[in-house]
Amino acid sequence: MTTAVQAPTPPAKAVGPMRQDRRRGVGRFAALLLSPTVLVLALVIGYPIVSALRLSFQVTHQGINPTTGMVENTSHVGLANYAGIFSGDSASQFWNAFWNTTTFTVAGVAIETVIGVAMALIMHKAFRGRGIVRASVLVPWAIPTAISGLLWKWIFQSDGIANTVLHTHVLWTTEGFHAWGAVLIADVWKTAPFIGLLALAGLQVIPGEVYEAAKVDGSGPWRTFFRITLPLARPALVVAVLFRMLDALRMFDLPFVLIGAHKHSVETLSTFAWYEASNLRYGTAAAYSTVLFLYIAVVAFVFVKVLGADLIGRGVEGKKK
Amino acid sequence: MRIKRSMARRAVAALGVLALAGSLAACGDSGDDSASGAKPDKLTGVGPITLATGKDTTGTLNEILAEWNKAHPDQKVTLTELPEDADQQRQQMVQNAQTKSDAYTILNLDVVWTSEFAANGWVEQLPENEFAMDKYLAPVVKTAKYFNKLYAAPYASDGALLYYRTDLLKQAGVAKPPTTWDEMKADCAKVLKLPAGKGMSCYGGQLDKYEGLTVNFSEAVDSAGGEVVGSDGKPNVNTPEAKKGLDFLVDGVKDKTIPKDALTWKEEETRRGFESGKVVFARNWPYIYALMANKKDAGNKVAGKYNVAPIPGLSGPGKGTLGGHNLAISKFAKNKKTALDFIKWFTSEKNEKTWLTKNSQAPVYGSLYDDPALQKQFPYLSTLKQSIEKAEPRPAIVNYGDATAAIEEQAYAAISGSKSSAQALKDLQTNLTKITSKDK
């Protein structure tokens, strides 16, 4: 594990003027080779972000000429689109969407992680038909989200399978907590395999002798799991959870297809921004998207910087010492 | 380990950026379009054009286009197929307009989009004297006009029909379909007492929270003598008449005349509910008539056992809401003269007849509904004509998307019982007033 850190560094004395020149040349050549990639990234990622940021500060007032009926828009630069988040008609809708986005992410990822790790543990065991189990667990992940949304819509319709199996008569796709639950179930079904797969990758790099040693020391299965399996699989698991969180924060298609557009119980920041844009309020749509962007950035930063770094560092180095 | 960590961090950063770039890029640029003009501009330019329309799964469209293209080799019409979903069709047409692209020449607009496209100056005003205005069904023309100017040519219509079970009504001794809500409830009570009516509900419509709810709500309000938006363009829903209309739906759900399931019903769910014998009466569009007649599967219990009538109202036949499509010419297109010629030919009586016989699309000309041969093929035609002639267009509001969302919001709150109908209408009046009076 430590070999990568202690890569041999050349002694400083050996660097003469010739060498430095050559190095600079190599650096320039590398920059030249990389420039097309940088250019493409700037066009594909940089430009849309800057353009959306600019758009989010453009405040548009719509007016309709009373004699001709024509729309006459005036727009200026300002902060009104962002101020609308805190006051006005759309504030409550925004915070409702923000709350849904957050609860979907927290509840969804927590459940997915537990189920995903359980799946990985099963897939990791050597038994007959393991290949089939591994492949079948991945089927939900392989189905496009919109299609799985349709499938779950059938399951959750008033005379659907869900009500038949549960002997209930819940109208899942109407407004209310049950709609939130339906989306959560469908999301967990679809994405737990993703965590399962990444956790499995983490399990497979744990050397067998560690387990043998644990056995010799008389460690029980729970102790082995919490003291050995989990800490050693943690790096992979943290990445998996982080990816899922970033994915869940921008959830769009599942609530949209499964429950429907503009239903407040399942409206996320993405669907709310879409709704604003489709009603030609691009300024506010861009502002909400920007807020979502910052929200995701902060979550990623906190996760990697605080939780991620600490967890991985202690988990591995602590063991070593 | 450190390398792994930094890689993960970088991957995470890249992923976050990518994820957002997508959602941000989806928002286009808004322009400051203002347009003016009292008389229609002369439409000029001859040459190839495109027709932007939703998917046609029957192949009829291609046949009709081939006929035109054969006769006009230098003014060919190319089909630009848009997604099946109406919202996405609108979105693509809006994007086309905002980038001022000439990719779409003729736009196949849903009737409720006319005001928005006209007010934003995205479509050309059309010369009324070049169309047979007196031959169209009157309410259909209303959907093509904005501020009393013609912005689109009527192309397809659609009206509400009350589907009812002939077998059950006969067994219950009901001679003719109901014309009022009270009659419908009384007839229903008789049917539900029959052994065959066990477990059935009375009436179903499209009450899920989507565009269909706006349609059903407007119908109920109009059928009770109320109005959603007055002739002066101002919302007027906080009235006793509108309340009676909304209460038809609210009380219906409460006293189980309308099954609670209907809160999840769109058109297709309504059809399935009617087909499987859940409801005695159902409100739907004409398109399901042929579907239910020809479908021979276990879920369809009603083949040969249903008929249609005009939808009922408070004290007499109700007023339906108009559906349908109009054809408009994009402001930013080339060869607009060809486009106008094509629209005139495409919506001619001859072609409308083809649409009716091949796709059972409701024509916009009154005369076709009276054709005995066609009536034989489509037994619902005369009922549909009555329905369309009495129908009201949905509110002509520029910000239609906001208006329909507000209507859905309040109507849904009332029907699902989270708000009283009086409060819902009061809130709706406030919201609609805000939406329609967005002046400087």
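Just so it is clear, the values below take in all heavy atoms, side chains as well, and ignore hydrogens, waters and symmetry mates. Chain A is the first sequence line, chain B the second, and so forth, proteins listed ahead of strands; every chain is numbered from 1.
Taking all atoms of both residues into account, the shortest heavy-atom contact from A:T68 to B:K149 is O-NZ, 4.3 Å. Between B:R90 and A:N279, the closest heavy-atom pair is NH2-CA, 4.3 Å. For B:A119 against A:G69, the heavy-atom pair with the smallest separation is CB-O, 3.4 Å. Nearest heavy-atom pair, A:I64 versus B:Y146, reported as atom, atom and distance to 0.1 Å: CG2-OH, 4.2 Å. When every heavy atom of A:S278 is checked against every heavy atom of B:Q91, the shortest pair comes out as CB-NE2, 4.0 Å.
Residue pairs meeting the salt bridge (charged side-chain N to carboxylate O under 4.0 Å, His left out) criterion with at least one partner in residues 404-417 of chain B, sequence neighbours excluded, are B:K209-B:E409.
Contacts with chain B were tallied for A:H169, A:E276, A:H262, A:E175; A:E175 has the most, counting heavy-atom pairs under 4.5 Å.
Residues B:D402 and A:Y275 have side chains in contact (heavy-atom distance under 4.5 Å, counting atoms from C-beta outward). Taking 4.5 Å as the limit, some side-chain heavy atom of B:N120 sits within range of a side-chain heavy atom of A:L280. Contact of the B:Q98 side chain with the A:Y282 side chain is registered, since non-hydrogen atoms from C-beta on lie closer than 4.5 Å.
Take B:T264 and apply the side chain to side chain donor-acceptor pair (under 3.5 Å) test, not counting sequence neighbours, and it matches no residue.
Judged by distance alone, the side chains of B:N399 and A:Q62 do bring a donor and an acceptor atom under 3.5 Å apart.
Contact of B:D208 with chain A is made through the side chain alone, with heavy-atom distances under 4.5 Å. Heavy atoms closer than 4.5 Å to chain A are found nowhere in B:Y400, neither backbone nor side chain. Neither the backbone nor the side chain of A:S56 comes within contact range of chain B; no heavy atom of the residue lies under 4.5 Å from a heavy atom of that chain. Only the side chain of B:K278 comes within contact range of chain A, with at least one heavy atom under 4.5 Å from a heavy atom of that chain.
At a threshold of 4.0 Å, the pair A:D159-B:R272 does not count as salt-bridged, since none of the basic side-chain nitrogens sits closer than that to a carboxylate oxygen.
No donor-acceptor distance shorter than 3.5 angstrom exists from the side chain of B:Y210 to the backbone of A:G260, with no hydrogens or angles considered.
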Determine, stepwise, if the pair A:D89 / B:K434 fulfils side-chain contact (heavy atoms from CB on, under 4.5 Å). CA-CA 11 Å; A:D89 298 336; B:K434 234 181 253 170; 3.5 Å; yes
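Rounded to the nearest 0.5 Å, atoms CE (A:M70) and CZ (B:F147) are 9.0 Å apart. Taken from CG in B:L263 to OG1 in A:T173, the straight-line distance is 9.0 Å, to the nearest 0.5 Å.
Applying the 6.0 Å contact sphere to CG of B:D232 captures more than 12 heavy atoms from other residues, nucleotides or ligands.
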